[in-house]
Amino acid sequence: LPILQTLVRSSQTFNPLLPFPAFCQNRFYGGTGYEVELRRFCREQGIVFQSFWTLSGNPALLKSGVVEEVAAALEGRVERGEEKAVALYGLVVGLGGVSVLNGTTSMGRMVGDLKGLEILRGLVEGEWEVRW
């Protein structure tokens, strides 16, 4: 957070020719408290927080009740075995101002994850609107 604050201040005050940060790519896991303050600062500044290590850094979240609940709603709608990953990605993106850096090298997996997020968005904007 202090480094990003300095970059923002510098680009606004000392050298307006410096590009304003558009993204902040950072780990997203419990050990850093999920970077709550950094994500808040990013939202306030219009900077997209791009989470990485979202799946492998969060085995407990993947087993959590809320991920299980969202994953259950995705069963039969997304590639079998990908429900939890899509659920966690959707929950993280749902925090607002966050994108997920998906580390897959498989085109099929990437397409499936993106399709799954579209399906989840349909649920959130439809039957889950109040619940979400």
Side-chain angles (χ1 to χ4, degrees):
L1 178 59
I3 293 168
L4 184 58
Q5 288 170 326
T6 299
L7 285 171
V8 167
R9 245 189 334 270
S10 294
S11 68
Q12 291 173 332
T13 308
F14 303 114
N15 188 349
L17 297 177
L18 286 175
F20 191 82
F23 292 90
C24 176
Q25 189 179 88
N26 212 71
R27 280 187 256 161
F28 182 86
Y29 73 113
T32 61
Y34 303 102
E35 299 293 0
V36 172
E37 291 302 316
L38 178 58
R39 288 187 294 109
R40 180 178 297 122
F41 179 77
C42 286
R43 269 194 314 275
E44 291 167 355
Q45 298 298 318
I47 299 168
V48 175
F49 180 92
Q50 189 174 52
S51 75
F52 71 89
W53 214 40
T54 310
L55 294 180
S56 55
N58 292 294
L61 280 182
L62 285 167
K63 296 175 186 173
S64 69
V66 68
V67 169
E68 294 277 352
E69 184 179 347
V70 175
L74 293 171
E75 283 181 19
R77 300 178 193 211
V78 300
E79 186 77 27
R80 190 165 194 266
E82 298 304 316
E83 299 92 348
K84 287 185 179 183
V86 171
L88 183 55
Y89 286 157
L91 289 163
V92 171
V93 169
L95 294 170
V98 178
S99 71
V100 173
L101 179 61
N102 187 323
T104 187
T105 57
S106 163
M107 180 66 81
R109 174 97 185 254
M110 180 63 75
V111 169
D113 288 348
L114 291 170
K115 180 181 173 189
L117 286 172
E118 286 298 318
I119 291 166
L120 184 55
R121 180 172 34 182
L123 282 172
V124 169
E125 292 175 352
E127 62 188 83
W128 277 26
E129 185 176 9
V130 173
R131 185 178 188 187
W132 190 259

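In this pair, Y29 and W53 present their aromatic rings perpendicular. The plane angle is above 60°, beyond the 30 to 60° band.
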| Verdict with reasoning, K115 to E118, per salt bridge (Lys or Arg N to Asp or Glu O under 4.0 Å) | CA-CA 5 Å; K115 180 181 173 189; E118 286 298 318; over 6 Å; no
| task | Carefully, step by step, assess L117 and V100 under the rule side chain to side chain contact (heavy atoms under 4.5 Å, CB included). | result | CA-CA 11 Å; L117 286 172; V100 173; over 6 Å; no
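Contact detail for L7 and P21: the closest heavy-atom pair is CB-CG, 4.3 Å. When all heavy atoms of G90 and L120 are compared, the closest pair comes out as CA-CD2, 3.5 Å. Across all their heavy atoms, V78 and G116 have their closest contact at CG1-CA, 3.5 Å. A pairwise comparison of heavy atoms in T54 and S51 identifies OG1-OG, 2.8 Å as the closest pair. The minimum heavy-atom distance linking C42 with L4 is given by the pair SG-CD2, 3.7 Å.
In this structure the side chain of L74 reaches within 4.5 angstrom of the side chain of L123, judged on heavy atoms. Residues L61 and L91 fail the side-chain proximity criterion, which asks for heavy atoms closer than 4.5 Å.
The backbone N or O of Y34 lies less than 3.5 Å from a partner atom in the side chain of R39, making a donor-acceptor pair. Side-chain N or O atoms of N58 include one that pairs as donor or acceptor with a backbone N or O of F28 at under 3.5 Å.
Residues L101 and L38 are members of separate hydrophobic clusters, defined by side-chain heavy-atom contacts under 4.5 angstrom among Ile, Leu, Val, Met, Phe, Trp and Tyr. A continuous path of Ile, Leu, Val, Met, Phe, Trp and Tyr side chains, each step under 4.5 Å between heavy atoms, connects W132 with V98, placing both in one hydrophobic cluster. In the hydrophobic clustering of this structure, V111 does not group with L55; members are Ile, Leu, Val, Met, Phe, Trp, Tyr whose side-chain heavy atoms approach within less than 4.5 Å, directly or through other members. Cluster membership for M110 and F52, using ILVMFWY side-chain heavy atoms within less than 4.5 angstrom, is not shared. Placement of W128 and V67 within a single hydrophobic cluster is found when ILVMFWY residues are connected by side-chain heavy-atom separations under 4.5 Å, directly or transitively.
Within the model, atoms CD of Q5 and CZ of F41 stand 5.0 Å from one another, a figure rounded to the nearest 0.5 Å. For the atom pair CD (Q45) and OG (S11), the distance works out to 8.5 Å, reported to the nearest 0.5 Å. Rounded to the nearest 0.5 angstrom, L1 CG and T32 OG1 are separated by 12.0 Å. Note that NZ of K63 and CG of L88 are 13.5 Å apart. Values are rounded to the nearest 0.5 Å.
Applying the 6.0 Å contact sphere to CZ of F20 captures more than 12 heavy atoms from other residues, nucleotides or ligands.
Taking R43 as the reference, nothing meets the side chain to side chain donor-acceptor pair (under 3.5 Å) condition, with sequence neighbours excluded.
Residues in residues 83-98 take part in these side-chain hydrogen bond (donor to acceptor under 3.5 Å, both in side chains) pairs, two or more places apart or across chains: E68-K84.
Electrostatic pairing of E82 and R109 counts as a salt bridge here, judged by a charged N lying under 4.0 Å from a carboxylate O. A salt bridge links R40 to E37: one of the charged nitrogens lies within less than 4.0 Å of a carboxylate oxygen.
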